[in-house]
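Everything on this sheet refers to the single structure shown next.
Heavy atoms only: backbone and side chains are in, while hydrogens, waters and symmetry mates are out.
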Amino acid sequence: MKYVKYILLGLLGFMVLFGVIGLFLPSNQTVVREVSINAPASKVFPYANDYRKFNQWSPWAKLDPDTVYTFSGAEQGVGAKMEWSSKHEHVGKGAQEILESRPNEFIKTRLDFGFNDPSTATFTFEESSGTTTVTWTFETYLGNTISRYFGMMLDSWVGESYEKGLSSLKTLVESS
């Protein structure tokens with residue numbers, strides 16, 4: 001009985017320590033990836049500004065071809081919205097809407113996965129000598145302690161998908 005008491009106290013101590021450490025982990029996480037594409041921004045921009053074109057290079061569209069997409073709002077640019085639903089664990093369900101769009105320069109979107117506060121993703125397009133550098137940024141707020149622990153792995157999880165997507169975008173644009 002004495003050992004059970006020590007084990008329970010040890011578990012309680014571990015849970016308290018886990019919670020306290022979690023409070024000091026960052027509550028905001030940012031993931032940034034970029035690629036240089038041998039094409040002018042005017043040729044690259046439409047693939048991020050139109051969700052029907054977005055799925056031609058999206059890393060998640062390739063994970064589950066059976067994903068159901070619903071498009072609403074504007075056809076492209078501000079107000080364009082895409083909702084998706086998938087049984088694939090890495091795709092899931094959610095919605096994305098373009099909040100801001102400056103042709104050939106910048107796009108800001110809101111992502112809602114249904115389980116956290118909405119996140120944002122942005123695309124910036126910087127053209128120089130016919131080459132466009134596309135920077136894809138994901139920003140999210142992780143309010144609770146457990147989410148903050150998952151946030152420590154977010155860069156590798158989301159970053160890998162962003163790298164695949166940007167690579168597909170580069171191939172798509174440069175081959176068309």
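Here the CZ-NZ distance, from Arg33 to Lys164, works out to 12.5 Å after rounding to the nearest 0.5 Å. Phe45 CZ to Arg102 CZ: the interatomic distance, rounded to the nearest 0.5 Å, is 9.5 Å. Remark: Glu83 CD to Asp112 CG distance equals 9.5 Å, nearest 0.5 Å. With rounding to the nearest 0.5 angstrom, the OG atom of Ser175 is 11.0 Å from the NZ atom of Lys170.
Using a 3.5 Å distance cut-off with no hydrogens or angles, the side chains of Gln96 and Thr109 do pair a donor with an acceptor.
Thr171 meets the side chain to side chain contact (heavy atoms under 4.5 Å, CB included) test with no other residue; sequence neighbours excluded. Residues meeting the side chain to side chain contact (heavy atoms under 4.5 Å, CB included) test with Glu75, sequence neighbours left out: Arg52.
Relative orientation of the Tyr162 and Trp136 rings is parallel, given thresholds of 30° and 60° on the angle between their planes.
Residues Phe106 and Leu111 fall into different hydrophobic clusters, defined by Ile, Leu, Val, Met, Phe, Trp and Tyr side chains chained together at heavy-atom separations under 4.5 Å. Residues Leu63 and Phe54 are members of one and the same hydrophobic cluster, defined by side-chain heavy-atom contacts under 4.5 angstrom among Ile, Leu, Val, Met, Phe, Trp and Tyr.
The stretch residues 54-70 participates, sequence neighbours left out, in these side-chain hydrogen bond (donor to acceptor under 3.5 Å, both in side chains) pairs: Lys62-Ser168, Asp64-Thr67, Asp64-Ser86.
Glu139 places no side-chain N or O within donor-acceptor distance of the main-chain N or O of Thr30, the cut-off being under 3.5 Å. The backbone N or O of Ser101 lies less than 3.5 Å from no partner atom in the side chain of Lys108, so there is not a single donor-acceptor pair.
Closest heavy-atom contact between Pro46 and Ala41: CD-O, 4.4 Å. Taking each heavy atom of Ile98 and Ala48 in turn, the nearest pair found is CD1-O, 4.2 Å.
Ile37 is listed as a side-chain neighbour of Leu169, based on a closest heavy-atom distance under 4.5 Å.
Taking the six-membered ring for Trp and the full ring otherwise, Tyr51 and Phe71 have centroids separated by 6.0 Å or more.
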